[in-house]
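Here is how names work: the chains are called A, B, and so on, in the same order as the sequence lines, proteins then strands, and each is numbered from 1.
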2 protein chains.
Amino acid sequence: MRRPTAPGLDRQRLLAAAFEVLEKDGLEGLSMRRLAAHLGVQAPAIYWHVNDKAELLGMMARDIYAAAYAAVPAARDWREWLSLFGQALRQSFSSHRDGARLCAQAQPPATADPASHAHRIAGELMALGLDQQTALMFQAAVISYALGWSAFEANGPMHQFLDTLMGFDDNYRIGLDAMVAGFPSPSW
Amino acid sequence: MRRPTAPGLDRQRLLAAAFEVLEKDGLEGLSMRRLAAHLGVQAPAIYWHVNDKAELLGMMARDIYAAAYAAVPAARDWREWLSLFGQALRQSFSSHRDGARLCAQAQPPATADPASHAHRIAGELMALGLDQQTALMFQAAVISYALGWSAFEANGPMHQFLDTLMGFDDNYRIGLDAMVAGFPSPSW
DNA sequence: ACCTGAACACCGTTCAAGT
DNA sequence: ACCTGAACACCGTTCAAGT
């Protein structure tokens, strides 16, 4: 439990420790003070490496999204890619305790060059035939659904029904598949 | 600003005041102490009428959902109803500051009789030809998307792009229409 | 029955001061 | 450059005591 304060902090160790605390204590338990204690350090030390808690949460969210993008296997068309991406997202959200709730409330760090960032995240879909604008729109819709599903999963009074009827994963797929199938094909 | 403590608290006045504080100070500003001050009362007084803050947030979420259900106009088929419901939800979320974020993290009060509750919320769709299980599944998907969209709207680095390209409402409709169009028709 | 006063165990963040 | 100690202005919640 005691970290002997080790080499010295940096953003990497901070981030890794933050995920450990998240796993152990959940999103409400992830306080700057607990994080500091987990690192064997005083709370204000964290502020040398990070501006505030929001920035830390943003970095965590960025990593969760990045893991999802990295996990999407090769696809033969854009619909398949979106479907796989939707599944990878859900997987990545649920691979950390409160992952979706974290992403829903954290603001990933604003990228320095938004244009190149947009190109990077839309790249796969563009290679499969979508123009960038359409790629971003469809991707935004899938992300929204994935995000909302995980939030909704835990909190609706429908909860009892959905899992007894089919299981959450199957229910998730229904909405995802419907959305992906329903996206209009580009018109050229 | 001063409430002369008026008649005396009850759940109704509490809820109304909570929405006022939400509008003024946002979700992070909605503390039990601020709510109490807004009512001209000490913080512990609230705990006579409500078990804890989670219960209060749950009641607020319930009201936001209820407003959406009430706002859905008559529809001629279940796809149209789901589309109108999706729009009403987004409307209801954005009619209160941080409405979606509140609903994403609040747990609406568990209903005493889940079966009759399910029947009530699925009723419209069943009248339009869906069985209850399908109605609940499709509804859950639409709610998830609406919830996730509002959360995503404010926080992605895609943010800049989405609104300059089309406007958020149009982008929202694209995913919603795709999902509703893509739901499979019942097979009889 | 309904509310206050005082307290407990926490928060995020700042800032002087240490090394 | 990097961290500590001490403090500020908050939290949610409990509980005895008042009326």
Side-chain angles (χ1 to χ4, degrees), chain A residues 1-22 24-61 97-98 101-102 104-107 109 155, chain B residues 1-22 24-61 97-98 101-102 104-107 109 155:
Chain A
M1 212 110 286
R2 261 294 160 85
R3 284 306 195 307
T5 199
L9 252 30
D10 65 356
R11 287 174 145 250
Q12 271 311 319
R13 289 193 54 216
L14 215 58
L15 205 48
F19 273 112
E20 290 171 19
V21 176
L22 180 67
K24 242 198 333 163
D25 302 324
L27 190 53
E28 355 289 335
L30 176 51
S31 72
M32 297 302 258
R33 294 172 124 108
R34 284 244 257 265
L35 175 53
H38 185 70
L39 285 159
V41 101
Q42 295 308 115
I46 299 178
Y47 288 84
W48 183 261
H49 302 276
V50 115
N51 278 318
D52 51 19
K53 189 179 180 180
E55 187 181 19
L56 184 70
L57 295 179
M59 293 160 59
M60 298 175 78
R97 162 125 86 129
D98 292 331
R101 276 172 59 218
L102 191 158
Q105 86 183 225
Q107 191 127 22
N155 92 50
Chain B
M1 214 112 282
R2 262 295 160 84
R3 284 306 197 304
T5 200
L9 252 31
D10 64 357
R11 288 175 144 248
Q12 271 312 318
R13 288 193 54 216
L14 215 59
L15 205 48
F19 275 113
E20 291 171 18
V21 175
L22 180 67
K24 241 198 334 165
D25 302 323
L27 190 54
E28 356 288 335
L30 176 51
S31 72
M32 299 301 257
R33 295 172 124 110
R34 284 245 256 265
L35 174 53
H38 185 69
L39 286 159
V41 101
Q42 295 308 115
I46 299 178
Y47 289 85
W48 183 262
H49 302 276
V50 113
N51 279 319
D52 52 18
K53 188 179 180 180
E55 187 182 18
L56 183 69
L57 295 179
M59 292 161 59
M60 298 177 76
R97 162 125 89 129
D98 292 330
R101 275 172 58 219
L102 191 158
Q105 86 184 224
Q107 192 127 22
N155 92 49

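Nucleotide C/dC15 is matched to D/dG5 when pairs are restricted to Watson-Crick or G-U wobble geometry with both distances under 3.5 angstrom. Nucleotide C/dC10: unpaired (no Watson-Crick or G-U wobble partner with both distances less than 3.5 Å).
The distance between atom OH of A/Y47 and atom P of C/dA16, rounded to the nearest whole Å, is 17 Å. One interatomic measurement links the two molecules: CG of B/D52 to P of D/dT14, which rounds to 8 Å at whole-angstrom precision. To the nearest angstrom, P of C/dG12 lies 9 Å from CD1 of A/I46. Atom CG in B/L35 sits about 11 Å away from atom P in D/dC11, given to the nearest Å. Following rounding to the nearest Å, B/M32 (CE) and C/dA9 (P) show an atom-to-atom distance of 20 Å. Going from atom CG of B/L39 over to atom P of C/dC2 covers 15 Å, rounded to whole Å. Atoms CD (A/Q42) and P (C/dT19) sit 15 Å apart, rounded to a whole Å. Remark: C1' of D/dT13 and CZ of B/R33 are 9 Å apart, rounded to the nearest angstrom.
Note that the NE2 atom of B/H49 and the CD atom of B/Q12 stand 12.5 Å from one another [nearest 0.5 Å]. Interatomic distance, B/R97 CZ to B/L27 CG, rounded to the nearest 0.5 Å: 9.5 Å.
Taking only side-chain atoms of B/A43, from C-beta outward, the nucleotide of D/dT13, C/dG12, D/dC3 with the closest atom is D/dT13. Closest contact between the side chain of B/V41 and the listed nucleotides D/dT4, D/dC15, C/dC3 involves C/dC3.
Between A/L15 and A/M59, the closest heavy-atom pair is CD1-CB, 3.8 Å. Here the shortest heavy-atom pairing between A/V50 and A/R11 reads CG2-NH2, 4.4 Å.
Look at A/H49 and you'll find a side-chain N or O under 4.0 angstrom from OP1 or OP2 of D/dC3.
A distance-only check finds no donor-acceptor pair linking the side chain of A/K24 to the backbone of A/G29 [under 3.5 Å].
Each of B/W48 and A/R34 was matched to the nucleotide of DNA chain C holding its nearest heavy atom; the match closer to the 5' end belongs to B/W48.
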